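As the structure is a computational prediction, the values presented were derived from the model and not from experiment. Every number for a ligand or one of its atoms is a count from 1 in the order of the listing. Along the sequence shown, residues carry numbers from 1.
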Amino acid sequence: MDKINALKSLLAIPKDIVITSHRNPDGDAIGSSLGLKHYLEQLGHTVKVVFPSEFPNFLGWMQGAGDIIIYDVSPEEAKSALEKPDLVFCLDFNSLERIDKMGELIGYLKCPKVLIDHHLFPEPFADFELHDITASSTSELVYDFIILLADKQHLNKTIAECLFTGILTDTGSFKYATSPKLFRLVADLLELGVDDTRIQNLVFNCMEEKHLRLLGYVLNTRMEILEEYRTAIISLSKQDYEKYTIQRGDTEGLVNYLLMMKNVTMAAFIHEQPTITKISLRSKGDFSVQEIARQHFKGGGHKNASGGYSYIGLRPTIKKFKSILPEYQQALLNNDL
Ligand code: 5GP
Ligand code: MN
């Protein structure tokens, strides 16, 4: 409580604030960052949202998305925003390694840092932490943060739309990490004017024809099922990205299709990026992919959704992933839903 009061005093005077979130920002990274930005602007602060890399087009409709500074696209502008802010918010990640080169810049800053996050194992780099691994999303925690600061009256439709989007995407349309508290909170967001069906359409029903065809093609030709491990894998090479002109955002959510199969407990999407091979892991029930991502792929995340990467290339990464499956076979087979 003392810390919240200290933060409230800090926020009582207009400040230059930077909000940042993880690389490959998703709906929760953007929703929580923009929701917080709109709230802080109402308090009279000057707020810049800076991300390490680009976000998918289907989130571009959110108010304020056009003003987000992307380090990969405009490094000078990003560096200048990070030169001497009065306060930095780190949302939806908890280790500075997750924000690439920006991590070093933020590590050097002397100003107070606030962490709002729901991932396991936070690194101790922040002065204020709102951290709860039982929260559905960082957007849920931004709502809690505004309530903790006794500022419920500052919530409005714009903030609510951003937070709703983050909750919607991180829960996979209210399929994971829900709670009675979350549904009450979402009811508040709807009372603030959120049109939930409209946002569902903006986020999930906005594919271009080529995306749906790509999905069909990839499921048909790149899906491998390892029945004895209740595991399914989709892999894409650099050549696939070039040949089918696939952009990074185009494969967002692909991994989730694998879990639609009754006998699949773990899903992996392994794909080559310019310098790394990225692995996205998903699971059902009590089987945790967090440990696999952390121990074998330098990553982390949540029990049912984690990710990591390797520098060994696509084929060796697939091979490595398959080689660790026997260790988890019993857990995969015993996992009751
Ligand atoms: P995705 O598979 O959608 O990229 O990420 C799913 C979740 O895994 C993210 O919310 C994030 O928590 C985690 N994650 C993905 N990639 C990494 C990574 O490289 N490092 C860590 N620590 N977590 C990751
Ligand atoms: Mn999140």
For this session: Check each heavy atom of Phe269 against ligand 1 and say whether those closer than 4.0 Å belong to the side chain, the backbone, both or neither.
Result: neither
Exercise. Hey, is Arg23 touching ligand 1 through its side chain, its backbone, both or neither, going by heavy atoms under 4.0 Å?
Worked result: side chain
Looking only at protein heavy atoms, identify the closest one to [atom] and say how far it is in Å.
{"atom": "atom 10 (O) of ligand 1", "result": "His119 NE2, 3.4 Å"}
{"atom": "atom 15 (C) of ligand 1", "result": "Gly307 CA, 3.3 Å"}
{"atom": "atom 21 (C) of ligand 1", "result": "Gly300 N, 3.3 Å"}
{"atom": "atom 7 (C) of ligand 1", "result": "Ala305 O, 3.6 Å"}
{"atom": "atom 3 (O) of ligand 1", "result": "Arg282 NH2, 2.8 Å"}
{"atom": "atom 18 (C) of ligand 1", "result": "Arg98 NH1, 3.3 Å"}

For this session: Answer yes or no: is there a donor N or O on one side and an acceptor on the other, between the side chain of Thr231 and the main chain of Tyr229, under 3.5 Å?
Result: yes
Exercise. Ignoring hydrogens and geometry, is there a side-chain-to-backbone donor-acceptor pair from Thr138 to Asp28 under 3.5 Å?
Worked result: no
For this session: Determine which of the N, O or S atoms in Asp92 is closest to the Mn ion (ligand 2) and give its atom name.
Result: OD1
For this session: Could you pull out the atom name of the N/O/S atom in Asp170 that is nearest the Mn ion (ligand 2)?
Result: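 Distance check against the Mn ion (ligand 2) picks out OD2 in Asp170.
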For this session: Check the pair Glu41, Lys37 against salt bridge (Lys or Arg N to Asp or Glu O under 4.0 Å), reporting the backbone distance first and the verdict last.
Result: CA-CA 6 Å; Glu41 283 178 347; Lys37 171 188 155 94; 3.1 Å; yes
Examine [X] and say whether one of its N/O/S atoms is closer to the Mn ion (ligand 2) than 2.8 Å.
{"X": "His119", "value": "no"}
{"X": "Asp117", "value": "no"}
{"X": "Asp26", "value": "no"}

For this session: Answer yes or no for Arg98 and Phe125: cation-pi contact, defined as NZ/CZ to six-membered ring centre under 6.0 Å and angle to ring axis within 45°.
Result: no
Problem set entry | Output field: ring centroids His118/His131 closer than 6.0 Å |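 No.
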Problem set entry | Short side-chain donor-acceptor distance under 3.5 Å, Asp151 and Tyr39 |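 Looking only at side-chain atoms, Asp151 and Tyr39 do form a donor-acceptor pair, the distance falling under 3.5 Å.
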Exercise. Hey, what do you get for CG (Asp170) to OG1 (Thr178), rounding to the nearest 0.5 Å?
Worked result: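 Answer rounded to 0.5 Å: 13.0 Å.
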Seminar exercise, completed: Tested for side chain to side chain contact (heavy atoms under 4.5 Å, CB included) against Tyr328, the lone hit among Ile292, Thr265, Asn335 is Ile292
